[in-house]
Amino acid sequence: MNHWLLKSEPETFGIDALAALPKKTTAWDGVRNYQARNMLRDAMKKGDLAFFYHSNCKLPGIAGIVRIVSEGYPDETAFDARHAHYDPASTREHPRWFVVDVKLVVKFKRVITLDRLREHSSTELAGLALLRRGNRLSVTPVSKKEWDFILTLE
DNA sequence: GCCAACGTTGGC
DNA sequence: GCCAACGTTGGC
């Protein structure tokens, strides 16, 4: 099983929005970056776990955990001309963008803040992609060791 | 294939 | 709102 970190802006779609959905499940759509796309399409497997990270907000950090509950499949929002994430270059015959379905596992009582993660950026979390300078990928891998360590910060 | 211009991300 | 970092675009 692999582990991941998924970024989302809580003003757009935060962990509470996910928790409010009937099955607490949604397609992780709108990713428009090839590296991230490749991970959604090729590397993520059913049963993998991912941290739900709140970005571009007052208290950036990990808000909870989701489970990947589908393999990658084409992102419908790319086909919809009225959608903000529309991409005319993506067609049903040759889809360019992909999603996976994610289901809420747990919302943390307190966000594990970016500040707290950074406290370990020279030690346990030295390899964490999220903390690398200039990192902007919205989907990043997390090693099992990093995952287990971050859970101790909860 | 190079690279300047431009758009986006995301912490602060 | 600022701006550094990075990805994409498009002229050449």
Side-chain angles (χ1 to χ4, degrees), chain A residues 2-21 26-44 48-68 72-102 104-143 145-147 149-154:
Chain A
N2 290 315
H3 298 84
W4 308 94
L5 183 143
L6 300 171
K7 287 186 197 171
S8 187
E9 303 190 9
E11 269 190 40
T12 308
F13 186 80
I15 199 161
D16 288 331
L18 178 58
L21 295 176
T26 191
W28 198 262
D29 59 26
V31 173
R32 295 294 180 267
N33 170 283
Y34 289 105
Q35 255 182 286
R37 186 280 308 272
N38 293 347
M39 287 188 268
L40 292 173
R41 187 187 59 186
D42 307 326
M44 282 192 177
D48 286 357
L49 295 174
F51 287 128
F52 192 123
Y53 180 87
H54 281 170
S55 68
N56 200 16
C57 58
K58 203 169 170 189
L59 194 65
I62 297 170
I65 295 174
V66 297
R67 185 185 317 278
I68 311 305
Y73 62 94
D75 186 341
E76 286 290 324
T77 66
F79 304 141
D80 181 355
R82 292 157 305 174
H83 200 283
H85 296 136
Y86 176 57
D87 180 358
S90 186
T91 64
R92 289 181 195 280
E93 294 71 36
H94 299 283
R96 173 175 292 191
W97 305 115
F98 285 74
V99 300
V100 294
D101 289 341
V102 303
L104 183 65
V105 172
V106 63
K107 175 189 170 182
F108 294 154
K109 289 201 177 62
R110 285 184 302 270
V111 170
I112 301 173
T113 63
L114 180 60
D115 282 346
R116 290 206 62 210
L117 297 172
R118 283 233 171 91
E119 287 171 13
H120 306 276
S121 63
S122 305
T123 51
E124 294 91 345
L125 300 180
L128 192 69
L130 175 77
L131 299 180
R132 277 208 288 267
R133 204 170 79 100
N135 167 64
R136 298 186 332 189
L137 267 190
S138 63
V139 180
T140 50
V142 177
S143 75
K145 273 191 178 175
E146 291 160 351
W147 179 273
F149 177 76
I150 290 168
L151 286 181
T152 69
L153 301 177
E154 193 198 339

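All of these numbers come straight from a predicted model, not from anything done at the bench. The chains referred to below are lettered A, B, ... by the order of the sequence lines, with proteins before strands, and numbering in each begins at 1.
Axis angle, first five pairs versus last five pairs of the helix from B/dG1-C/dC12 to B/dC12-C/dG1: 10°, rounded to 10°.
The environment of A/Q35 atom CD is sparse: at most 12 non-hydrogen atoms of other residues, nucleotides or ligands sit within 6.0 angstrom.
Below 30°, between 30° and 60°, or above 60°: for A/F51 and A/W147 the angle between ring planes is below 30°, a parallel geometry.
A straight line from CG of A/L131 to P of B/dC12 spans 11 Å, rounded to a whole angstrom. Rounded to whole Å, the distance from OH on A/Y53 to C1' on B/dG10 is 8 Å. Per the geometry, CZ belonging to A/R136 stands 13 Å off C1' belonging to B/dG11, to the nearest Å. In this structure, A/L59 places its CG atom 13 Å from C1' of B/dC12, rounding to the nearest Å. Taking atom CZ of A/R132 as the reference point, atom P of B/dG10 lies 15 Å away to the nearest angstrom. Going from atom CZ of A/F13 over to atom P of B/dG10 covers 16 Å, rounded to whole Å. Regarding A/Y34, its OH atom lies at a distance of 7 Å from the P atom of C/dT8, rounded to whole Å. The distance between atom CZ of A/R32 and atom P of B/dT9, rounded to the nearest whole Å, is 11 Å.
Taking every side-chain heavy atom of A/S55 into account, B/dG10 is the closest of B/dG10, B/dC12, C/dG7. Checking C/dA5, B/dC12, C/dG7 against the side-chain heavy atoms of A/L114 singles out B/dC12 as nearest.
Side-chain atoms of A/R118 never come within 3.5 Å of backbone atoms of A/L131 as a donor-acceptor pair (strictly under, hydrogens ignored). Not one N or O on the side chain of A/H3 forms a donor-acceptor pair closer than 3.5 Å with the backbone of A/E146. In this structure, the side chain of A/T152 engages the main chain of A/F149 through a donor-acceptor pair within 3.5 Å.
Here A/F79 pairs with nothing under the ring-ring contact (aromatic ring centres under 6.0 Å, His included) rule; sequence neighbours left out.
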